[in-house]
> 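Have a look at this one before I ask anything.
Since this is a predicted model, take the numbers as computed values, not measurements. Every heavy atom of this structure was used, including side-chain atoms; hydrogens, water molecules and symmetry mates were not.
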Amino acid sequence: MTDTAIQVKDLRKSFKDTEVLKGVDFEVRRGEILALLGSNGAGKTTTINILSTLLKPDAGSASVCGFDVEHQSEKVRESISLTGQF
């Protein structure tokens, strides 16, 4: 078992001509708390949607609990809980 809960490397996502994520990198170890802060349009929701397998990245990689969000999406969803703001 790895000590890394979330790992994001060079994550990229665009919507039409708008580049929303431009090479995002971060790592969260088990037991740590992460807060994504930023202005509207900073890519917070896009990042969460990729990490929760609701959206596919254009490039880069991301894993949750050691599972790749693109290739092991079912395992990621078995490992997390997600709720919306409202």
> Measure from the side-chain N and O atoms of Glu32 to the backbone N and O of Val28, and report whether any donor-acceptor pair falls under 3.5 Å.
no
> Hey, what do you get for CD1 (Ile6) to SG (Cys65), rounding to the nearest 0.5 Å?
7.5 Å
> With a 4.5 Å heavy-atom cut-off, do Arg12 and Pro57 have their side chains touching?
no
> Is there a side-chain contact between Glu27 and Val8 (heavy atoms, below 4.5 Å)?
no
> Going from CD on Glu78 to CD on Gln72, what distance comes out if it is rounded to the nearest 0.5 angstrom?
10.5 Å
> Surrounding CD of Glu74 (heavy atoms of other residues, nucleotides or ligands, distance under 6.0 Å), is the total greater than 12?
no
> Between Lys44 and Ser39, is there a donor-acceptor pair closer than 3.5 Å when you use the side chain of the first and the backbone of the second?
yes
> Identify the residue among Arg77, His71, Glu70 that makes a side-chain contact (heavy atoms from CB on, under 4.5 Å) with Ser73.
Arg77
> Report yes or no: does Asp25 contribute a side-chain atom to a donor-acceptor pair with the main-chain N or O of Asp10 at less than 3.5 Å?
yes
> Taking atom CG of Leu54 and atom OG1 of Thr45, what is their separation to the nearest 0.5 Å?
11.0 Å
> Locate the shortest heavy-atom distance separating Ile50 from Val69; write the atom from each residue and the value.
O-CB, 3.7 Å
> Find the distance between CG (Leu51) and OG (Ser63) and round it off to the nearest 0.5 Å.
9.0 Å
> Given side-chain contact (heavy atoms from CB on, under 4.5 Å), test Ile80 with Ser52 step by step and report yes or no.
CA-CA 8 Å; Ile80 65 171; Ser52 60; 3.9 Å; yes
> How about Thr47 and Phe26: do any of their side-chain heavy atoms sit closer than 4.5 Å?
yes
> Could you check Leu21 against Asp58 for side-chain contact (heavy atoms from CB on, under 4.5 Å), going step by step and ending with a plain yes or no?
CA-CA 9 Å; Leu21 300 179; Asp58 294 338; over 6 Å; no
> Just by modelled atom types, is the Lys75 backbone N or O under 3.5 Å from a matching donor or acceptor in the Ser79 side chain?
yes
> Looking at Lys13 and Lys56, would you say the former's side chain and the latter's main chain have a donor-acceptor pair under 3.5 Å?
yes
